[in-house]
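Order of listing sets the numbers, starting from 1, for every ligand and every atom in it. FYI, side chains are in, hydrogens and waters are out, and symmetry mates aren't considered; it's all heavy atoms of this structure. Quick caveat: nothing in here was measured; it's all calculated off a predicted structure.
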Amino acid sequence: MSAGPPHVNGLPLANRTAIVTGGASGIGLAIARRLASDGAAVAIFDIDGDAATAAASAIDAAAARTGAGTGPGTGPGAGGRARGYRVDVTDRDAIDGGVERTRDELGRPTILVNNAGLTLPGPFLDLSFEVWRRSMSLNLDSVFHCCQAVLPAMLEEGWGRIVNISSSSVHSGSPRLGAYVTAKSGVVGLTKVLALEFGPRGITVNTIPPGFIDTPMLRDAQKNGVMNVEQQTAKTPVGRIGQPQDVAAACAFLVREEAGYITGQIFGVNGGRNT
Ligand SMILES: NC(=O)c1ccc[n+]([C@@H]2O[C@H](COP(=O)([O-])OP(=O)(O)OC[C@H]3O[C@@H](n4cnc5c(N)ncnc54)[C@H](O)[C@@H]3O)[C@@H](O)[C@H]2O)c1
């Protein structure tokens, strides 16, 4: 097994290449930034190609300011660098194309964060089957496709880390989020299966179900009356809403070398509020 040298240049993810889906906004953007600052070369896959490119440029600019990603040894996979690709995670051909470009431009991807997702709310009796299927496609099938597309590179390396962003609503249920909660529940199940199948090959698979995190998605949910930020904050033991950086910190830990004995786990980031 080739584990790769941890902590090269003092950075825990140096010489690693990561793919973050939905990395142009909210939680995914915070994860992309954090993994890059930990030394990884980061490919941002997002349906909003312009936002993905802008996010990647900002990461590159930050790396240049701090000296990461420059100088000797900064070839593909050297870290601190980023690329943004327009990839719709419901489209397998687009995913395969994005993985190929990542390999060519940043190095073999061995970290995958499946983060892209949308709530698609609606009372159950009003939910069209089309919206139900769209939720499955975006929130669950995308994880199937991205894992299948990236696992071969991890198997070649004999090392890999997958983090699936699910949702705390899987544990509590949530009215008017039937299509979303069902799809995210599937993500938790697939996480457990993949952890068992790929643990022997050096690959860990975990899921982070975030609680209420202050992102454009959450603000939309507030606008649509699906949730109330103030009420949720009052029910949260640590007394505040989460920030995207809270999820990024947990994800950054799970993809490190030292987290190799943690797999198949549901790693809540919810301010102590489990329901
Ligand atoms: N914000 C929360 O409170 C919260 C809570 C639980 C779970 N989550 C989950 O966290 C993840 C990120 O959510 P967020 O709050 O940061 O949302 P966000 O809306 O800020 O970001 C989602 C990103 O996904 C991208 N995206 C949407 N459809 C896509 C597609 N088909 N292909 C590629 N990219 C696509 C969007 O362009 C956007 O950049 C989602 O999976 C969400 O379900 C969020």
For [X] and [Y], indicate whether the former's side chain and the latter's backbone hold a donor-acceptor pair under 3.5 Å.
{"X": "Ser128", "Y": "Val131", "result": "yes"}
{"X": "Ser135", "Y": "Trp132", "result": "no"}
{"X": "Thr207", "Y": "Asn164", "result": "yes"}

Subject >> side chain to side chain donor-acceptor pair (under 3.5 Å) partner of Arg240, chosen from Asp246, Thr233, Asp214 >> reply: Asp246
Backbone or side-chain N or O of [X] under 3.5 Å from ligand 1 N or O:
{"X": "Ser167", "value": "no"}
{"X": "Asp48", "value": "no"}
{"X": "Asp88", "value": "yes"}

**OP:** With heavy atoms only and a cut-off of under 4.0 Å, state how Leu138 meets ligand 1: side chain, backbone, both or neither.
**Re:** side chain
**OP:** Quick one: look at Thr215 and ligand 1, take heavy-atom pairs under 4.0 Å, and tell me if it's side chain, backbone, both or neither.
**Re:** side chain
Original post:
So, for Arg256 and Ala252, which heavy atoms are closest and what is the spacing to 0.1 Å?
Top reply: CG-O, 3.2 Å
Original post:
Of the non-hydrogen atoms in Met154 and Ile203, which two are nearest, and what is the gap between them?
Top reply: CB-CD1, 3.6 Å
Within ligand 1, which atoms have a heavy atom of [X] less than 4.0 Å away?
{"X": "Val87", "result": "32 (N), 33 (C)"}
{"X": "Leu218", "result": "3 (O)"}
{"X": "Phe212", "result": "3 (O)"}
{"X": "Gly26", "result": "16 (O), 20 (O)"}
{"X": "Ala116", "result": "34 (N), 35 (C), 41 (O)"}

Please determine whether a side-chain nitrogen of the Lys or Arg among [X] and [Y] lies less than 4.0 Å from a carboxylate oxygen of the Asp or Glu.
{"X": "Arg16", "Y": "Asp38", "result": "no"}
{"X": "Arg101", "Y": "Asp104", "result": "no"}
{"X": "Arg92", "Y": "Asp141", "result": "no"}
{"X": "Glu156", "Y": "Arg103", "result": "yes"}

Best match, [options]: closest heavy atom to [atom]:
{"atom": "atom 7 (C) of ligand 1", "options": "Gly211, Gly117, Ser166, Pro209", "answer": "Ser166"}
{"atom": "atom 19 (O) of ligand 1", "options": "Gln232, Met217, Arg219", "answer": "Met217"}
{"atom": "atom 44 (C) of ligand 1", "options": "Ile213, Ile27, Val113, Ile208", "answer": "Ile27"}

Original post:
Between Arg33 and Gln245, do the side chains contain an N or O donor and an N or O acceptor separated by less than 3.5 Å?
Top reply: no
**OP:** Please check if any side-chain donor atom of Asp88 sits under 3.5 Å from a side-chain acceptor atom of Thr90, or the reverse.
**Re:** yes
How far is [atom] from the closest protein heavy atom, and which atom is that?
{"atom": "atom 23 (C) of ligand 1", "answer": "Gly22 O, 3.6 Å"}
{"atom": "atom 18 (P) of ligand 1", "answer": "Ser25 OG, 3.7 Å"}
{"atom": "atom 32 (N) of ligand 1", "answer": "Val89 N, 2.9 Å"}
{"atom": "atom 35 (C) of ligand 1", "answer": "Ile47 CG2, 3.6 Å"}
{"atom": "atom 6 (C) of ligand 1", "answer": "Pro210 O, 3.4 Å"}
{"atom": "atom 40 (C) of ligand 1", "answer": "Asn115 O, 3.1 Å"}
{"atom": "atom 8 (N) of ligand 1", "answer": "Tyr180 OH, 3.6 Å"}

Subject >> Heavy-atom gap Asp46 to ligand 1 smaller than 4.0 Å >> reply: yes
Original post:
Heavy-atom count around Asp50 CG within 6.0 Å, excluding the residue itself: above 12?
Top reply: no
